[in-house]
Amino acid sequence: MSRTMQIQNILSRRKPLIERIKRIESNLENMQGLLNRFVQEGETFKRDVEDNKIRKISSLQQSCSELKSEIAYQLGQLDKLRSRFSRQTLNIGMVGLARQGKSRLLQALTGLGPEEIPDGNRTDCTGVRSSIMNSQGEFVATVSFYTPSSFLDEIISPYFVNLGLGAKPLSLEEFAANPLPDLPAKKQDSAVAKAQYAYLQRYHESYPRYKNLLGEDPRQIPREQIREYVSQSSADGNEPYHNFFVVQEVQIQCPFPTSDVSDIGFVDMPGLGDTGLGNEERLLKTLAYEADLLFFIRLPSPSGDSWNETDIMLYDTCARAVTELPLKDWSFMILNRTRAEADLGDNLANCKDLEGQINIKGSGFSEIVIADCSDQEEVLQKVLDPALEYLTSSIEEIDAKYVQKKHDQLLEIRKSIQRLFAQATPEKILGAESIGSNEEQQFLDLFEDAWQEMVHRFEQLLNELFQTRDSSNVHFVQSIKEVIEEAQHDTGIPDLEKIERQRAEEKSYDGAFYYFLNEIRAHLSNKFLNLDESLSFTTEEAKQSVSQVLETHGGLSSLSNAEGTDFLRQLYELGNVPGYDFRLIQDALNILISFKLSFRGLIQHRIRKQMDNLTPDRIEFKRFNMLNSLKLSLKSLVQREKITNAETLQHYLQDAHQNVLGKIESSLKEFHYEPNQAIFAIVEEFTDRAFRAKGVRNQWQTFYRMNRASIWPEQFKKIAQGTYLRERWQTLVLNILDGARTGEWELAVLPPREG
């Protein structure tokens, strides 16, 4: 497999994680919102509880705030990881102090020259982050600029904070119009602080020269203008440039000198290690998602050199970019070798000395390379080839470490949330709900009255239903009557013209007769579907009667605004309380909730049996005027008396329809009383289970005690307030625990490598 194909394979395997990271980010944002609400609601709770409970709530709020901070940090890290995996290239980042050979190395790697990648020995040269990507097309350079707000927030304001210069300016106009505050006395002895202050002075003094570029759209520029946008000065160092102050990035696309790096990019990171140049934290964030491998460039002095504090600070700074990965796993040290003919002289001996001393300082690299950064052939052979080999062989392991570390951190946050809120029950934070002896006796008296009244009224209801059990259900009978009348009025029998058209279609009156029998049967059958609505009304009426007893005589109306089935269903849900057993009550309620009388289950098959006389091959005709009361099958009828005109066919259809309708009406009389019998049976079954079963009274007493503040609010005002608080608390806690349990937390491992 070619190196290009290896890189493409690596990039394709990163993509499946992008959507999962997005879902995890959404889940973390949701959890942040839940924790924030808990912290805010905690202030309300603290106003209504005793001092010892206030301390517990405050402790929980503090833990929530810490979790929110950790989630905010992880969201930032996930953003870096998602950006890293969304890239279309594997990138090599370049860091190093000024005048170490970084620009020369980039020139050798990309084939570009000083015009596109400026270098210089007199001053700090490059001042802008640049990304250089391989392209088989023409050279293209695109410059993008800061907006006024992003420039103020990301560039100017951090200087005021880091240097202790007082309040940050509210606008760039304010920054430019007012003199800079003096550097605080305690910072005067710091060389770093003084250097940073000097850079801020340059921003301040040069503002009129660069302000017009702020907020400009990205623009393409020719090669010869690149230096004006990325450098701090002209090539000879005599003319200072100011555009680079507001340039956010320069992107260059060009053909690279080697053909197997089509998916490799280089990112120049000026400012890391150069005190005061830009915002270090912003550069670190960029480094975290833009670089897969990091090149440190160091130019040892021919006259003698050693690793110094600045080198270690630069290393430590870059190590903060991705704390989940040791920097030694994804960094190369490039020791820039100069030869005897160079201006500096031969530094090979000192390059080797530094190579041997590097681990003494606590820093580590994947590889240490000594190469002349100005020699393209040497750079391609000694620097690029080992780097590409390392990337194709090791980047997947590096990605896996990154993902696994993030996976473990996310699961640890979830565990912390679960541990914290598993101990945050209302009983442990707000205290166990208690009731005094006087209140207990008052409750028992109230419950006894409600129980007796409720049981007595159900006995009355059963007696009323028993009296009508074997009587016709008035509503059902009226519905049947209305359906029969409608069927007699709207028969579906065709007029003579329609019969003639169908006779022409079927080529005979007999064929048309068969056709219309099926049509009329379907039409008549559809009429009786309306009985389903009547049966549903009847069953709901029964449930309404039961719910009225529970609401009015049982005193439970305050538990729900619903009625009938909806009230019974909500009463059932109120029994779903962890640690309490209301199964006897819930079973009784469920029997009633699920009770249903339907046309299809009770009546339809019986009506269908009566429709034989509208079904070809099963019809029987009784023609008093034509066949002397003989019952003949359709086959015999057609043989003995052939249908010869539309009037006769229509008459036969009318006789068949009336015959069937009469049979249906007669058969339905047997079911006039069945709805009443079914209603009595189901209500009696409910009463037996809800009020007569062993142990059910104790469950009702516990249910009433648990809801006493809602059932008798006047008698238990204090408890009502406590119950409300506990319910709100319980809801907040359960929402957080549910988010920890069901949300997306796990980062999947990378898919297997192809080939």
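Positions are given from 1 along the sequence. As a basis for the values below, the full set of heavy atoms in this structure was taken, side chains included, without hydrogen atoms, waters or symmetry mates.
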Should [X] and [Y] count as side-chain neighbours, where that means a heavy-atom distance under 4.5 Å?
X: Leu556; Y: Phe567; value: yes
X: Leu653; Y: Pro494; value: yes
X: Leu732; Y: Phe421; value: no
X: Phe703; Y: Leu574; value: yes
X: Arg608; Y: Met611; value: yes

Would you say the side-chain atoms of [X] and [Y] include a donor-acceptor pair closer than 3.5 Å?
X: Gln570; Y: Asp566; answer: no
X: Glu70; Y: Gln74; answer: yes
X: Glu519; Y: His523; answer: no
X: Thr147; Y: Ser150; answer: yes
X: Asp445; Y: Gln441; answer: yes
X: Lys406; Y: Gln409; answer: yes

Could you check whether atom [atom1] of [X] has more than 12 heavy atoms from other residues, nucleotides or ligands sitting under 6.0 Å from it?
X: Glu533; atom1: CD; value: no
X: Tyr73; atom1: OH; value: yes
X: Asn561; atom1: CG; value: no

**Request:** Kindly determine whether Gln654 and Gln658 satisfy side chain to side chain donor-acceptor pair (under 3.5 Å), including the steps that lead there.
**Result:** CA-CA 6 Å; Gln654 290 169 344; Gln658 289 302 312; over 6 Å; no

**Residues Gln62, Glu66; criterion side chain to side chain donor-acceptor pair (under 3.5 Å); working and verdict** = CA-CA 6 Å; Gln62 177 60 33; Glu66 293 170 1; 3.2 Å; yes

Closer than 3.5 angstrom, by distance alone: can the side chain of [X] be matched with the main-chain N or O of [Y] as a donor-acceptor pair?
X: Arg457; Y: Val549; answer: no
X: His553; Y: Glu453; answer: no
X: Arg705; Y: Glu440; answer: no
X: Trp700; Y: Phe447; answer: no
X: Thr539; Y: Lys596; answer: no
X: Ser59; Y: Arg55; answer: no
X: Ser83; Y: Asp79; answer: yes
X: Gln586; Y: Tyr572; answer: yes

Nearest 0.5 angstrom please: [X] [atom1] to [Y] [atom2], how far?
X: Leu446; Y: Tyr704; atom1: CG; atom2: OH; answer: 11.0 Å
X: Glu29; Y: Ile71; atom1: CD; atom2: CD1; answer: 10.5 Å
X: Phe476; Y: Asn676; atom1: CZ; atom2: CG; answer: 10.5 Å

Donor-acceptor pairs under 3.5 Å, side chain of residues 679-695 to any protein atom, not counting sequence neighbours: which ones?
| from | atom 1 | to | atom 2 | distance (Å) |
| --- | --- | --- | --- | --- |
| Glu685 | OE2 | Arg689 | NE | 2.8 |
| Thr687 | OG1 | Val683 | O | 2.8 |
| Asp688 | OD1 | Arg692 | NH1 | 2.4 |
| Arg692 | NH2 | Glu459 | OE1 | 3.2 |
| Arg692 | NH2 | Glu459 | OE2 | 2.8 |

Does this structure show an ion pair linking [X] with [Y], if we count only N-O contacts that are shorter than 4.0 Å?
X: Glu746; Y: Arg20; answer: no
X: Lys405; Y: Asp408; answer: no
X: Asp495; Y: Lys498; answer: no

**Request:** Please name the residue in the list Lys22, Arg23, Lys15 that meets the salt bridge (charged side-chain N to carboxylate O under 4.0 Å, His left out) test with Glu19.
**Result:**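 Output: one option passes, namely Lys22.
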
**Minimum heavy-atom distance Ser416-Leu67, with the two atoms named** =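 Taking every non-hydrogen atom into account, CB-CD2, 3.9 Å.
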
**Message:** Apply side chain to side chain contact (heavy atoms under 4.5 Å, CB included) to residues Lys401 and Gln404 and explain how you reach the verdict.
**Reply:** CA-CA 5 Å; Lys401 286 182 180 179; Gln404 185 63 49; 5.8 Å; no

**Item:** side chain to side chain donor-acceptor pair (under 3.5 Å) assessment of Glu573 paired with Asn576
**Value:** CA-CA 5 Å; Glu573 294 297 329; Asn576 292 325; 3.1 Å; yes

